[in-house]
Amino acid sequence: MPVQIPLEVSRVDNRLTVAGDLGLSSYLRLLAAIHQATDTQGYADVILDFSSCTAAFSASMLAVCSQIMLLRTRGIDVSISLPVKDQLRKLFHNCNWANLLDPSTYDPSNYRGYSHVPATRFTSPLEQNSAVNAIINAVMGSLSGMDRHDIAAIEWSLAEITDNVLNHARCEMGGLVQATTFEKSRRRVEFVVCDAGATIPGTLRETHREITSDPQALEKAIREGVTRDKNFGQGNGLFGSLEVCRVSGGQFHVHSRNANLSYYPKFGLHIRRETIPFSGTLVVANIDCSTPGVLQKALKFGGEEHVPIDYVETHYELSGGDLPRFVMRNEASSFGSRLAGEPIKNKLLNLVSMVVGKRLVIDFEDVALISSSFADEAFGKLFVELGALRFGQSFEFVNVSEMVRSLIDKAITQRMTTARYI
């Protein structure tokens, strides 16, 4: 593991220089420096210089982005200088941090990978649903061997936490969400949700007068059934999300106003007071998916197991007809490369194990042509992994042009001949 470089934040007039690693344990120092420059010193324009920044992570960056967006609503102009390190500079672009921090200078991210969903702003239920779907689609496409219960639990947690922003944060500029999947050592999904609105301590105190401190508010917020207003939900979002992370062996963090909650498998649950406040709420959920099916019993409320409607049901099983349907034109924006074929293969591998006892209809309507490399990556490798018998039992191809059919057949034939990956 690389040695972490301590964060240093210095200020000369309205220019703040960020040097070192900007992580979950250090971003509050940057926010404090920004507060001093704008609220104490009264600068109406601020320059954030990240040129000496050596590392940045989604949780800390979304926290900073949300506060900068809040400053902008107050008429304070913020511009940035990107990191000198080439990889980190690309990360600022790909993760959409550059655009959120300085939209007049940097365009929105055009990242087209499938293991990561850039920081996305949502202000309505429609945008929230779109963001959740994009993240679950990325999980399905980047991590093979996923269990349906695990996907359902991740989706439920993500939907609940983003829904809390819309129902409780009272933030006109909405919230931010970002997600990444990892599988080098263990399969993991991490999502971050952040807003700059009403805090958990602030909203809970409206109906829970017994709360006397911010840490006490967070401790109460993660209990089952605790909410500001039952008209806006059952109060299980934070409780259930913590359970999903805990049962999986993952991590969970919440920072809201002057309270910080963290859960680590080795150290358990800790809640402490932060001297530097966060004007909003930051939630980080890190879920370990290495053991399929481990999350089946994570969502249990009132002593009963909760089985939510999931992405597989809404996107494939309810798509029309008796058999689940995989519509190719909806699954990829390009059919011309091996890179585009890999998430298709992973999704199909996941779906085969999730729609047990049913053939999956693969619909090629409006897809007139695919490349040989796409055909090999998506279907040649899939054939080898499943085997001839299971492959034939699992899929039914419809609306396939002669050209596409011949390319798929050729890819499978070549794989049968070599019986190995190329």
Side-chain angles (χ1 to χ4, degrees), residues 58-59 62-63 65-66 69 117-139 150-179 189-204 206-208 217-218 220-245 250 252-257 261 278 280-287 295 298-302 306-315:
S58 56
L62 258 63
C65 287
S66 70
M69 292 165 64
V117 176
T120 304
R121 181 180 176 185
F122 61 95
T123 60
S124 67
L126 185 63
E127 291 176 347
Q128 176 217 7
N129 183 64
S130 177
V132 171
N133 285 341
I135 291 169
I136 299 304
N137 183 59
V139 174
D150 297 343
I151 288 287
I154 295 168
E155 182 183 7
W156 179 91
S157 175
L158 181 59
E160 286 288 321
I161 299 301
T162 51
D163 191 59
N164 281 347
V165 175
L166 298 181
N167 287 327
H168 302 294
R170 302 168 191 157
C171 187
E172 289 186 7
M173 61 188 192
L176 299 173
V177 61
Q178 182 174 346
V189 176
E190 179 177 283
F191 69 80
V192 181
V193 179
C194 188
D195 68 78
T199 61
I200 292 174
T203 56
L204 272 189
E206 295 174 3
T207 51
H208 296 273
L218 277 198
K220 195 173 187 68
I222 59 169
R223 296 182 190 177
E224 182 178 355
V226 174
T227 183
R228 171 182 66 90
D229 187 341
K230 287 288 186 180
N231 292 321
F232 291 99
Q234 297 303 306
N236 290 325
L238 284 174
F239 166 77
S241 297
L242 172 57
E243 279 298 285
V244 168
C245 294
F252 189 69
H253 304 273
V254 182
H255 186 190
S256 191
R257 204 152 74 180
L261 177 150
F278 180 68
T281 299
L282 173 69
V283 178
V284 186
N286 188 293
I287 304 166
L295 299 180
L299 300 180
K300 187 176 288 188
F301 308 116
H306 175 60
V307 182
I309 296 175
D310 64 6
Y311 186 87
V312 176
E313 181 175 354
T314 57
H315 283 74

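These numbers come from a predicted model, not from an experiment.
For the pair Pro201 and Arg257, the tightest heavy-atom approach, listed with the atom from each and the gap, is CB-NH2, 3.8 Å. In this structure, Met173 and Ala196 approach most closely via the heavy-atom pair CE-CB, 3.3 Å. Contact between Asp195 and Gly175 at its shortest, heavy atoms only, is CB-CA, 4.4 Å. The two residues Leu176 and Cys65 come nearest to each other via the heavy atoms CD1-CB, 3.9 Å.
The closest side-chain heavy-atom distance from Ile136 to His315 is not below 4.5 Å. By the 4.5 Å heavy-atom criterion applied to side chains, Val284 and Glu190 are counted as neighbours. Side chains of Ile287 and Phe191 form a contact here, defined as non-hydrogen atoms less than 4.5 Å apart. Val244 has its side chain out of reach of Phe252: every pair of non-hydrogen atoms, C-beta onward, lies at least 4.5 Å apart. Side-chain atoms of Val283 and Ser241, non-hydrogen and from C-beta on, never get closer than 4.5 Å to each other. Residues Thr281 and His168 fail the side-chain proximity criterion, which asks for heavy atoms closer than 4.5 Å. The closest side-chain heavy-atom distance from Asp310 to Trp156 is not below 4.5 Å. Using a 4.5 Å heavy-atom cutoff, the side chains of Val177 and Leu158 are in contact.
With Ser256 contributing its side chain and Gly280 its backbone, the two residues share a donor-acceptor pair below 3.5 Å. No donor-acceptor pair closer than 3.5 Å links the side chain of Gln178 to the backbone N or O of Ser58. Between the side chain of Ser66 and the main chain of Ala63, a donor-acceptor pair closer than 3.5 Å is present. With hydrogens and angles ignored, the 3.5 Å screen pairs no side-chain donor or acceptor of Arg121 with any backbone N or O of Gly174. When atom types are taken as modelled, the side chain of Glu127 and the backbone of Thr123 share a donor-acceptor pair closer than 3.5 angstrom.
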Please evaluate residues Leu238 and Leu218 with respect to the criterion side chain to side chain contact (heavy atoms under 4.5 Å, CB included), reporting the C-alpha separation (whole Å), side-chain torsions for both, the decisive distance (0.1 Å), and the verdict.
CA-CA 10 Å; Leu238 284 174; Leu218 277 198; 5.6 Å; no
Quick one: do Phe122 and Val165 satisfy side chain to side chain contact (heavy atoms under 4.5 Å, CB included)? Show the steps, please. CA-CA 9 Å; Phe122 61 95; Val165 175; 4.0 Å; yes
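Under the side-chain contact (heavy atoms from CB on, under 4.5 Å) test applied with Tyr311, the options Ile154, Asn133, Ile135, Val132 reduce to a single match, Asn133.
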